[in-house]
Amino acid sequence: MFRKIGFPVRGDYRGNLIAIEGETDIPFEIKRVYYIFATQSDVVRGLHAHSSLQQVLICVNGSCRILVDDAERREEFLLDTPSSGLLISSGVWREMKDFSKDAVLLVLASEHYDESDYIRDYEDFLEKFRK
Ligand code: T46
């Protein structure tokens with residue numbers, strides 16, 4: 001499953017603030033945060049799925065495109081605002097591309113880093129998650 005999530009902007013004359021609370025604004029407890037920046041525009045990142053990890057991707061500066069594929073449906077999202085994110089549950093193939101020079105992709109993750117959770121072969125992914 002994947003879907004866009006909007007976050008309320010708390011703005012006033014000083015500028016804007018967005019607060020994201022685990023299990024309230026997003027459907028899981030946040031156990032890890034990482035961010036991706038200074039990615040070349042011709043590079044494709046990701047190219048894997050996760051067995052159990054859930055994540056929310058937010059492009060807090062600049063823009064990038066995310067292709068997601070749940071073994072039934074493929075869709076591409078443009079992330080270009082800090083006020084919305086893309087929720088990607090387990091069993092979804094993802095590819096991140098077309099990073100702008102100034103892109104900072106913030107990721108909120110439901111689990112600590114675990115290499116054994118990655119599925120890096122597309123055929124293995126289809127075999128495991130095809131409906
Ligand atoms: C995902 C997409 C959206 C760590 O040591 N700890 C971490 O928490 C992470 C995420 C990565 N790393 C190391 C592993 C590699 O040596 O950082 C290096 C780059 O990671 P990776 O090649 O997996 O990066 P991406 O951009 O292809 O994928 C990442 C996440 O790994 C992945 O879970 O869904 O962002």
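Heads up: numbering here begins at 1 and tracks the sequence. Since the structure is predicted, the reported quantities are computational estimates derived from the model, not experimental observations. Ligands are counted one by one from 1 in listed order, and the atoms in each one are counted from 1 as well.
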For the residue pair Tyr122 / Glu127, report whether a side-chain donor-acceptor contact shorter than 3.5 Å exists. no

Polar side chain donor-acceptor pair, Ser51 to Lys128, under 3.5 angstrom: yes

Provide the full list of side chain to side chain donor-acceptor pair (under 3.5 Å) pairs with a residue in residues 16-25, sequence neighbours left out, each pair given once. none

Considering only residues two or more places apart or on different chains, which pairs with a residue in residues 2-12 satisfy side chain to side chain donor-acceptor pair (under 3.5 Å)? Asp12-Arg14

Output the set of protein residues with a heavy-atom contact under 4.0 Å to ligand 1, ordered first by chain identifier and then by residue number. Arg32, Tyr34, Ile36, Arg45, Gly46, His48, His50, Gln55, Arg94, Met96, Tyr113, Tyr118

With sequence neighbours excluded, tell me which residues meet salt bridge (charged side-chain N to carboxylate O under 4.0 Å, His left out) with Glu29. none

Any non-hydrogen side-chain atom of His50 less than 4.5 Å from a side-chain atom of Gln55? yes

